[in-house]
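What follows is a short report on a single structure.
Computed from heavy atoms alone, side chains included, the values below leave out hydrogens, waters and symmetry copies. None of the values given here were measured: they were computed from a predicted structure. Below, chain A is the first sequence line, B the second, and so on; all start at residue 1.
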Protein chains: 2
Amino acid sequence: MERNSTYKDSLKQSSLKNTKHRCEILNILDHSESPLSAGEVYKKLSDMNIKINLSTVYRILEVLTEKKLVNRLNIVGDKKALYETNKTTHRHYLVCTGCKMILPINYCPLSLYEAELEKKTNFKIEGHNLDIYGLCPDCQNKIL
Amino acid sequence: MERNSTYKDSLKQSSLKNTKHRCEILNILDHSESPLSAGEVYKKLSDMNIKINLSTVYRILEVLTEKKLVNRLNIVGDKKALYETNKTTHRHYLVCTGCKMILPINYCPLSLYEAELEKKTNFKIEGHNLDIYGLCPDCQNKIL
DNA sequence: GTCAGTGCAAAGATTTTGCACTTTG
DNA sequence: CAAAGTGCAAAATCTTTGCACTGAC
């Protein structure tokens, strides 16, 4: 895959060694519509006939998160952590409480607010987690 | 404690049986500065010499969440769920990535945004999870 | 008395860790 | 070659569940 060289560069810039597994995981997260759990990443790899250990997946996701190549999310109602690549476009998710569908939202209403909060609290704000939940149109109809 | 009658009423209104354990848990969450995990609630009860099983704590928190007497939160970087009583004043938390301190914030910048999003997506929005993270003043100094 | 609530023990799910082997730079 | 990465097995943590007993209404 041509774009794997990009992942290689990202790894290099974060002073991480370039391994096939890391590129594959970055690739998977990069091409996923919605954030994935460690188990889901592992499953995708297995489906692609890539042999890897689940604990390695966890370790890779951990180090990628640390280096900010990946974000770790905790979405409401889901007890496991989800991961997404750290796109330049910051996004949030709208989660359906019925069917658990996850809809990405590209607009973030919080940047102004964060600046304000920084002044008020003297925190050095690094980021935020926001997910919004409700019923998607389909699930609203099912209830009727 | 005089206010336990209030908890009793809340339980009644949610058609839950009034038990000592439930009132005690509501009481603990109500008087906690920051949200607590199931384990922490359990520990507080034990410290008060109240004998209860951890699984009962989980079951109570579950049913209280279901009845909206309590909110379940998933705060960034914490793999376990945290619970808070559902105060009339909706709040968020500012979490220090250094010392893990949790600072409640009473203002919510999202209500207007939610209305807008509801129109745009046709979701029936029920709520959101927001927590903001960064370094508190103390931890900023420690780094220098 | 009935049904919901609880304790206990056990299992399930997710995540982490120690150690030996392998690979990258 | 050294240091970082990986597989495997085992454990740690958090959470849920089945069943029998107890307590609320």
Side-chain angles (χ1 to χ4, degrees), chain A residues 4-5 7-26 35-46 48-67 69-83 100, chain B residues 4-5 7-26 35-46 48-67 69-83 100:
Chain A
N4 271 7
S5 55
Y7 303 134
K8 191 171 159 179
D9 288 350
S10 312
L11 291 170
K12 196 166 195 177
Q13 278 171 40
S14 303
S15 44
L16 293 176
K17 285 190 179 171
N18 162 42
T19 70
K20 243 198 326 195
H21 286 162
R22 285 175 178 172
C23 287
E24 281 153 351
I25 288 180
L26 281 170
L36 302 174
S37 68
E40 286 165 344
V41 170
Y42 174 70
K43 188 168 181 322
K44 290 222 175 203
L45 287 163
S46 301
M48 294 159 75
N49 287 312
I50 293 167
K51 195 173 166 301
I52 187 175
N53 196 279
L54 179 57
S55 62
T56 304
V57 175
Y58 273 102
R59 280 191 273 228
I60 290 177
L61 290 171
E62 163 105 37
V63 70
L64 293 179
T65 302
E66 210 168 85
K67 298 294 188 178
L69 296 178
V70 155
N71 293 326
R72 188 197 324 246
L73 313 174
N74 283 95
I75 280 191
V76 62
D78 199 338
K79 81 180 177 192
K80 54 194 174 318
L82 303 182
Y83 300 82
K100 312 295 176 195
Chain B
N4 271 7
S5 55
Y7 303 133
K8 191 172 157 177
D9 288 350
S10 312
L11 291 170
K12 195 167 195 174
Q13 278 172 39
S14 302
S15 45
L16 293 176
K17 286 193 179 169
N18 162 42
T19 71
K20 245 197 326 193
H21 286 160
R22 285 175 178 172
C23 287
E24 281 152 353
I25 288 179
L26 281 170
L36 301 175
S37 68
E40 286 164 342
V41 169
Y42 175 70
K43 189 170 180 320
K44 291 222 176 205
L45 287 164
S46 302
M48 294 159 75
N49 287 312
I50 292 167
K51 193 173 167 299
I52 188 176
N53 196 279
L54 179 57
S55 62
T56 305
V57 174
Y58 273 102
R59 279 192 274 228
I60 289 177
L61 290 171
E62 162 105 38
V63 70
L64 293 179
T65 302
E66 209 167 84
K67 297 294 187 177
L69 296 178
V70 156
N71 293 327
R72 189 196 323 245
L73 313 174
N74 283 94
I75 281 192
V76 59
D78 199 338
K79 84 179 174 191
K80 54 194 174 319
L82 302 183
Y83 300 84
K100 311 296 175 194

Close side-chain approach of [X] and [Y], heavy atoms under 4.5 Å:
X	Y	result
Asn74(B)	Asp78(A)	no
Leu11(B)	Leu26(B)	yes
Glu40(A)	Pro35(A)	no
His21(A)	Ile50(A)	yes
Ile25(B)	Leu45(B)	yes

message = Base, sugar-phosphate or nothing for Leu54(A)? Non-hydrogen atoms, less than 4.0 Å.
response =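 The residue Leu54(A) makes base contact.
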inquiry  = For a quick check of understanding: with a heavy-atom distance under 4.0 Å over all strands, which category does Ile60(A) fall into, base, sugar-phosphate or nothing?
reply    = sugar-phosphate
inquiry  = Using heavy-atom distances to pick each residue's nearest nucleotide on DNA chain D, tell me which of Glu62(B) and Leu16(B) is more 5'.
reply    =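 The residue whose closest nucleotide sits nearer the 5' end is Glu62(B).
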query = Want to settle it: does Ala38(B) or Thr19(B) sit nearer the 5' end of DNA chain D, counting the closest nucleotide to each?
reply =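 In this pair, the answer is Ala38(B).
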Would you kindly give the [atom1]-to-[atom2] distance between [X] and [N], to the nearest whole Å?
X	N	atom1	atom2	answer
Lys20(B)	dT22(D)	NZ	C1'	13 Å
Leu26(A)	dG5(D)	CG	P	13 Å
Leu61(A)	dT6(D)	CG	C1'	14 Å
Arg72(B)	dC14(D)	CZ	C1'	12 Å
Tyr42(B)	dT15(D)	OH	C1'	15 Å
Tyr7(A)	dT24(C)	OH	C1'	21 Å
Leu36(B)	dT15(D)	CG	P	13 Å
Leu64(A)	dT6(D)	CG	C1'	14 Å

Short side-chain N/O contact to [N] OP1/OP2 from [X], under 4.0 Å:
X	N	answer
His21(A)	dG5(D)	no
Tyr58(A)	dT15(C)	yes
Asn53(A)	dC8(D)	yes
Lys80(B)	dA12(D)	no

message = Can you tell me which nucleotide in dT16(C), dT24(C), dC8(C) comes closest to the side chain of Ser55(B)?
response = dC8(C)
ask   = In terms of side-chain heavy atoms of Arg59(B), which of dG7(C), dG5(C), dT6(D) is nearest?
value = dG7(C)
ask   = Short question: side chain of Arg72(A), backbone of Ala81(A) - any donor-acceptor pair under 3.5 Å?
value = no
note = Taking for Thr56(B) and for Lys17(B) the nucleotide of DNA chain C with the nearest heavy atom, the one nearer the 5' end belongs to Lys17(B)
task = Between Val57(B) and Lys79(B), name the one whose nearest nucleotide on DNA chain C is closer to the 5' end.
result = Val57(B)
inquiry  = If you go through the side-chain atoms of Arg22(B), does one of them form a donor-acceptor pair with the base of dG23(D) closer than 3.5 Å?
reply    = no
